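Below: the structure, in structure tokens.
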Amino acid sequence: MVVDPSECKITIKHLSELPKITELLHALNDPLAGGKNVGKLVTKIPVLAARVVERALSQSRKKEIYSIDQAINMVGNRGLESELLTLLEDLTIKKAEAEDPRS
């Protein structure tokens, strides 16, 4: 998997991803949710998937990552949660910018 840096940038259209993010948060808080389920949910949020792959590549000596599940295993739960929180923060900022009448 190769990540184009533009895939990691937030745009207004990403605000529509919030229901998918909520679904992922519920899965992460469910002790019975399997790792494969989490990987499928991350895949549904392309900007998050790109950020997780980018983080995994930056933390590893490996040159290639073959799946989202592999990237999640490499960054771990804390790494995934960190990327998710950063994404939510970026979305909050983007929403505020969109609602600001001065923009």
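This is a predicted model, so every value here is computed, not measured. FYI, side chains are in, hydrogens and waters are out, and symmetry mates aren't considered; it's all heavy atoms of this structure.
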In residues 37-53, what donor-acceptor pairs under 3.5 Å come from side-chain atoms, sequence neighbours left out?
unit_1: T43; atom_1: OG1; unit_2: G39; atom_2: O; d: 2.8
unit_1: R51; atom_1: NE; unit_2: C8; atom_2: O; d: 2.9
unit_1: R51; atom_1: NH1; unit_2: D90; atom_2: OD2; d: 2.9
unit_1: R51; atom_1: NH2; unit_2: C8; atom_2: O; d: 2.8
unit_1: R51; atom_1: NH2; unit_2: D90; atom_2: OD2; d: 2.8

Distance-only criterion, 3.5 Å: show the donor-acceptor pairs between side-chain atoms of residues 76-86 and protein atoms not counting sequence neighbours.
unit_1: S82; atom_1: OG; unit_2: R55; atom_2: NH1; d: 3.2
unit_1: E83; atom_1: OE2; unit_2: R55; atom_2: NH1; d: 2.9
unit_1: T86; atom_1: OG1; unit_2: S82; atom_2: O; d: 2.9

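Remark: K95 pairs with E99 by the salt bridge (Lys or Arg N to Asp or Glu O under 4.0 Å) rule, at least two apart or across chains. D4 pairs by the side-chain hydrogen bond (donor to acceptor under 3.5 Å, both in side chains) definition with S6, not counting sequence neighbours. Scanning for side-chain hydrogen bond (donor to acceptor under 3.5 Å, both in side chains) contacts around S16 gives an empty result, with sequence neighbours left out.
Distance check: L24 CG to L87 CG gives 9.5 Å after rounding to the nearest 0.5 Å.
Here the closest heavy-atom approach between residue Q70 and residue Y66 is recorded as OE1-N, 2.7 Å. For I12 against A98, the heavy-atom pair with the smallest separation is CD1-CB, 3.2 Å.
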Run the side chain to side chain contact (heavy atoms under 4.5 Å, CB included) test on I10 and L15 for me, step by step, so that the C-alpha distance in whole Å, both residues' side-chain angles and the decisive distance to 0.1 Å come before the verdict. CA-CA 9 Å; I10 295 296; L15 292 173; over 6 Å; no

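Residue pairs satisfying the salt bridge (Lys or Arg N to Asp or Glu O under 4.0 Å) criterion with at least one member in residues 23-32, sequence neighbours excluded, are absent. A salt bridge (Lys or Arg N to Asp or Glu O under 4.0 Å) check over residues 65-75, counting only residues at least two apart or in different chains, returns the pairs K36-D69. For residues 6-18, the set of pairs meeting the salt bridge (Lys or Arg N to Asp or Glu O under 4.0 Å) definition, not counting sequence neighbours, comprises E17-K20.
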